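Before any comments, here is the structure.
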Amino acid sequence: MSENFVLVETRGRVGLLTLNRPKALNALNDQLMDQLGAALQAFDANDDIGCIVITGSEKAFAAGADIGAMKDWSYMDVYRTEYIGRNWETLRTIRKPVIAAVAGYALGGGCELAMMCDFILAADSAKFGQPEIKLGVIPGAGGTQRLPRAVGKAKAMEMVLTGRMMDAAEAERAGLVSRVIPAERLLDDAIETATVIAGMSIPVAIMAKESVNRAFESSLHEGILFERRVFHACFATEDQKEGMAAFVEKRKPVFKNK
Ligand code: CO8
């Protein structure tokens with residue numbers, strides 16, 4: 001029987017996923033990534049959920065991919081079977097907003113998993129790093145691509161080449177995380193933030209997410225055109241009518257996710 005490496009809970013309209021492999025500092029093995037992917041897809045398909053939070057423990061969000069599992073892999077294991085890779089792509093396909101609530105270590109694949117989320121809230125205990133070079137490999141789940149986009153080339157290059165960690169304050173200054181929160185408040189704050197998002201129109205939140213992500217995938221001209229078209233599409237929703245009517249009528253909007 002497989003172990004329960006991902007705890008699945010709901011808090012109102014928020015889906016909460018807690019990485020749960022404490023003895024290995026939440027090292028991301030294949031089973032954990034399969035369970036995480038399945039839980040993410042289930043929340044994405046669930047109309048009662050408007051936003052998802054991924055968190056870990058006080059000591060570690062995740063200390064990376066499982067080194068013990070990887071150490072004997074051959075090139076053909078990783079290339080032909082895509083043993084590592086397959087279940088790392090699921091998070092990228094989730095349409096609803098996903099927040100990473102990071103306390104303790106977010107290293108290697110753990111840092112990459114956090115960066116795949118739509119934004120990162122960090123406890124003051126958080127430590128980010130891409131230490132793969134110390135193991136004789138390079139980041140393999142987007143670290144060399146997302147870290148420079150988040151913190152710029154100089155800092156990303158230094159981190160990837162030396163493997164040094166960045167604390168929460170540095171990560172906030174560099175733009176890797178949206179906010180730093182006292183560790184004991186992290187989960188409450190993440191749930192509150194996710195609850196705010198889950199109270200918006202889900203289709204419009206998805207449009208907003210797609211549009212911001214487009215900024216990293218296209219030229220400014222193409223990105224602005226994409227945003228304009230999606231802005232136009234908002235006017236095809238009932239929620240746009242409700243949102244603007246509620247403002248004019250000085251009441252709270254009740255979105256129907258339509
Ligand atoms: N994999 C497996 N086990 C781990 C990992 C890991 N990444 N990290 C920690 N553990 C285990 C330790 O082996 C130890 O187990 P045991 O008690 O059985 O000996 C337990 O967790 C506790 O760890 P420590 O005793 O080392 O705890 P410390 O507090 O002394 O140190 C550190 C904490 C600094 C986080 C330390 O554990 C460490 O350096 N860990 C490794 C960090 C690392 O190198 N991460 C990168 C891994 S490579 C990677 O992520 C590539 C991703 C590619 C993804 C590609 C997808 C397509």
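Source: prediction; values computed, not measured. Counting starts at 1 for both ligands and their atoms, following the listed order.
- Residues K155 and E170 form a side-chain contact, since some pair of their non-hydrogen atoms from C-beta on lies under 4.5 Å apart.
- Only the side chain of E112 comes within 4.0 Å of ligand 1, counting heavy atoms alone; its backbone N, CA, C and O stay farther away.
- Using a 4.0 Å cut-off between heavy atoms, V137 makes no contact with ligand 1 at all.
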Before you tell me yes or no, could you show the steps for E158 and R164 under salt bridge (charged side-chain N to carboxylate O under 4.0 Å, His left out), namely the whole-Å CA-CA distance, both residues' side-chain angles and the distance that decides it to 0.1 Å? CA-CA 8 Å; E158 186 202 345; R164 85 161 171 90; 2.9 Å; yes
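- Close contacts of ligand 1 with G109, meaning ligand atoms under 4.0 Å from a residue heavy atom, involve 49 (C), 50 (O), 52 (C).
- Between the side chain of E222 and the backbone N or O of R214, no donor-acceptor pair lies under 3.5 Å.
- Shown in contact with L135 at under 4.0 Å from a heavy atom are these atoms of ligand 1, numbered in order with element: 44 (O), 47 (C), 48 (S).
- In this structure R228 satisfies the salt bridge (Lys or Arg N to Asp or Glu O under 4.0 Å) test with no other residue, sequence neighbours excluded.
- Considering backbone and side-chain N/O of K59, one or more are found under 3.5 Å from N/O of ligand 1.
- Residue nearest to atom 20 (C) of ligand 1, selected from K23, M33, K71: K23 (by heavy-atom distance).
- Nearest to atom 57 (C) of ligand 1 by heavy-atom distance, out of A60, G110, G140, P131, is G140.
- Checking N20, L28, L19, N29 one by one against F5, the side-chain contact (heavy atoms from CB on, under 4.5 Å) holds for a single residue, N29.
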Set out, in order, the CA-CA distance, both residues' side-chain angles and the distance that settles salt bridge (charged side-chain N to carboxylate O under 4.0 Å, His left out) for D239 and K256, then state yes or no. CA-CA 6 Å; D239 287 341; K256 292 191 196 141; over 6 Å; no
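- Near A141, with a cut-off below 4.0 Å to any heavy atom, the atoms of ligand 1 are 54 (C), 55 (C), 56 (C).
- The ligand atoms of ligand 1 that sit less than 4.0 angstrom from a heavy atom of M70 are 48 (S).
- Nearest-heavy-atom check against atom 43 (C) of ligand 1 across G108, P22, G68, A63 picks out A63.
- Using a 4.0 Å cut-off between heavy atoms, A65 contacts ligand 1 through both its backbone and its side chain.
- The salt bridge (Lys or Arg N to Asp or Glu O under 4.0 Å) test applied to R21 returns D66, not counting sequence neighbours.
- Of all atoms in ligand 1, listed by their number and element, those nearer than 4.0 Å to a heavy atom of E132 are 48 (S), 49 (C), 50 (O), 51 (C), 52 (C).
- A donor-acceptor pair under 3.5 Å is absent between the side-chain atoms of K127 and the main chain of D167, judged by distance alone.
- Taking the six-membered ring for Trp and thresholds of 30 and 60 degrees, F235 and F231 have ring planes more than 60 degrees apart, a perpendicular arrangement.
- Below 4.0 Å from some heavy atom of L107 lie the following atoms of ligand 1, by number and element: 35 (C), 42 (C).
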